[in-house]
Amino acid sequence: MPVKGQRFGGKPLGWRKPEGVRAQHQVRAYDDEWQVIKDFVKILRSKGAEETRKMLDAIK
């Protein structure tokens, strides 16, 4: 029998990665802006973060 206030279920303590958890962000965008975001995500996933940063630095 559970004690009053005691909770069961959910993820066990210590399940988070040592490097931390990503922050939650809400992004609102129009359809054409979403297409740009989707294209960027495709590049990021295929090339990797470091190579994508180099591409962005070259664009700037």
Side-chain angles (χ1 to χ4, degrees):
M1 187 109 201
V3 179
K4 185 175 182 180
Q6 186 176 6
R7 297 181 182 198
F8 293 96
K11 295 189 178 197
L13 291 175
W15 66 270
R16 291 186 172 90
K17 296 179 182 177
E19 60 267 15
V21 180
R22 289 186 178 140
Q24 294 290 321
H25 298 285
Q26 181 178 6
V27 178
R28 295 174 186 246
Y30 291 107
D31 291 339
D32 57 334
E33 294 169 333
W34 266 119
Q35 190 58 49
V36 172
I37 293 169
K38 285 181 183 180
D39 292 342
F40 178 78
V41 169
K42 281 183 187 177
I43 294 169
L44 181 62
R45 288 182 179 162
S46 66
K47 304 272 185 191
E50 192 58 39
E51 196 168 331
T52 305
R53 278 193 194 100
K54 290 177 186 175
M55 288 173 46
L56 287 174
D57 288 341
I59 292 171
K60 289 179 184 179

Hydrophobic cluster partners of M55 (side-chain heavy atoms under 4.5 Å): I43

Other cluster members, I37 - Ile/Leu/Val/Met/Phe/Trp/Tyr, side-chain contacts below 4.5 Å: V27, W34, V41

For D39, side-chain hydrogen bond (donor to acceptor under 3.5 Å, both in side chains) partners two or more places apart: Q35

Residue pairs fulfilling salt bridge (Lys or Arg N to Asp or Glu O under 4.0 Å) with at least one residue in residues 23-34, sequence neighbours excluded: none

Summary of salt bridge (Lys or Arg N to Asp or Glu O under 4.0 Å) pairs that have at least one residue in residues 44-60, sequence neighbours excluded: E50-R53

